[in-house]
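Below is one structure, written out as structure tokens; comments come after it.
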Protein chains: 2
Amino acid sequence: MRTSEVAAQARVNPQTLRYYERRGLLPDPARSSSGYRSYGSEAVRLVRFIKRAQDLGFALDEVKSLLELAEGGPDRCEATRRLATSKMADLQGRIADLEAIRAGLARLVETCDQPRERRDCPILADISDDSDKEVHR
Amino acid sequence: MRTSEVAAQARVNPQTLRYYERRGLLPDPARSSSGYRSYGSEAVRLVRFIKRAQDLGFALDEVKSLLELAEGGPDRCEATRRLATSKMADLQGRIADLEAIRAGLARLVETCDQPRERRDCPILADISDDSDKEVHR
DNA sequence: CTTGACCCCGTACCCGAGTACAGGGTTCAT
DNA sequence: ATGAACCCTGTACTCGGGTACGGGGTCAAG
């Protein structure tokens, strides 16, 4: 597959592929005799993964390390385990945070019908209540 | 409270307060006779909320609308409900995504002990499997 | 054998979210 | 009454993550 084909299937700009390549997120693809990049179909999945991970709040460098984890070279097992474990804790915290916000919104929607003045808008209170909660991520 | 006091308590740079003010996320504070900003303690909670929401992947404009929701003026109830509801769906999707990644990492960690070659590294497969899953957010 | 649609590379530009800097005013402890 | 430590405004810079542009090569259909 050529660049623009991969880009179209992964719904990104062709330039973005070159960019990810430079950043080391995408392996350097094979080249045709004339120098054109030639990708296999994994490339599409890879790019989609990157995009999804990004949308979940991972920076490109983090995505890179996530990919290196998935790769999991035979030797780097301990490092991998540690990184994966801490990433999981991180995710756990972020999930909890999102759920708290969701719950706040749910309460808001529920009470939205009630007499104008007796509404419950607990988002602020729930989420940033005085506790010095650590920010996750 | 003066600017730098609020900033310290919310653990942000004082400049950031001015920036949020410009962006309309923070209400314009009262001013002393000499023009110094003078904040109440809600300001700290507000800024912390903004920071947390941001860490959860909301852009400042989204945070702004979240805050407007929480505010919930008596008249804008229907709009509020719609926005809150769609934001909830969005959150639901993102939570699911995070959980999928978390599960992938868990499997990876579990199988990490096993014979080097029989490891399960399903992150890629799980997350960006061929389904054209919509990206959330 | 040319023309339009692609590809290459390098460099430059854009946007969001801050952060810093310059030039000046205030406050307060000594 | 002076210096450190704050505050003000406006403008400029940084950084991450792209996106566009210029100048040139390639390839297949007509």
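Lettering of chains follows the sequences in order, A, B, ..., and the numbering in each one begins at 1.
No donor-acceptor distance shorter than 3.5 angstrom exists from the side chain of A/R48 to the backbone of A/R11, with no hydrogens or angles considered.
Rounded to whole Å, the distance from OH on B/Y19 to P on D/dT9 is 17 Å. Rounded to an integer number of Å, the gap from CG of A/L17 to C1' of C/dC7 is 13 Å. Atom pair A/L60:CG and D/dC15:P shows a separation of 16 Å (rounding to whole Å applied). Computed from coordinates, the A/L26 CG to D/dG17 P distance equals 15 Å when rounded to whole Å. The distance from atom CZ of A/F58 to atom P of D/dG17 is 13 Å, rounded to the nearest whole Å. To the nearest angstrom, P of C/dA17 lies 9 Å from CG of B/L25. Atom CD of B/E21 is separated from atom P of D/dC7 by 13 Å (rounded to the nearest Å). In this structure, A/Q54 atom CD and D/dG16 atom P are separated by 13 Å, rounded to whole Å.
Checking D/dG18, C/dC8, C/dC7 against the side-chain heavy atoms of A/R2 singles out C/dC7 as nearest. The side chain of B/S4 lies closest to D/dC7 when the candidates are C/dG16, D/dC7, D/dG18. Out of C/dG18, D/dT9, D/dT19, the shortest distance to the side chain of A/R22 is found at D/dT19. With D/dC8, D/dG16, C/dA17 as the choices, the nucleotide that has an atom nearest any side-chain atom of B/T3 turns out to be D/dC8. Which of C/dC8, D/dT19, C/dC21 sits closest to the side chain of B/Q15 comes down to C/dC21. Distance from the side chain of B/N13 is smallest for C/dA20 among the nucleotides D/dG16, C/dA20, D/dC7. Residue B/Y20 places its side chain closer to C/dG18 than to any other of C/dG18, D/dG18, C/dT11. Of the candidate nucleotides D/dG18, C/dA17, C/dC7, C/dA17 has the atom nearest to the side chain of B/A59. Considering only the side chain of B/R18, D/dG10 comes nearest among C/dC6, D/dC6, D/dG10. Here D/dC27 is the nucleotide among D/dT19, C/dC6, D/dC27 with the atom lying nearest to any side-chain atom of A/S34.
A donor-acceptor contact under 3.5 Å is formed by the side chain of B/Y36 with the base of C/dG25.
Nearest heavy-atom pair across B/L46 and B/P27 is CD2-CD, 3.9 Å. Closest non-hydrogen pair, B/P29 versus B/R37, comes out as CG-CG, 3.4 Å.
The phosphate of D/dG18 (OP1 or OP2) has a side-chain N or O of A/K51 nearer than 4.0 angstrom.
Here the straight-line distance linking atom CG of A/L66 with atom CG of A/D61 works out to 12.0 Å at 0.5 Å rounding.
Of the two residues contacting DNA chain D, namely A/S33 and A/T16, the nearest-nucleotide position lying further toward the 5' end is that of A/T16.
Two residues are said to be in side-chain contact when any heavy atoms from C-beta on lie closer than 4.5 Å; A/Y36 and A/T3 fail this criterion.
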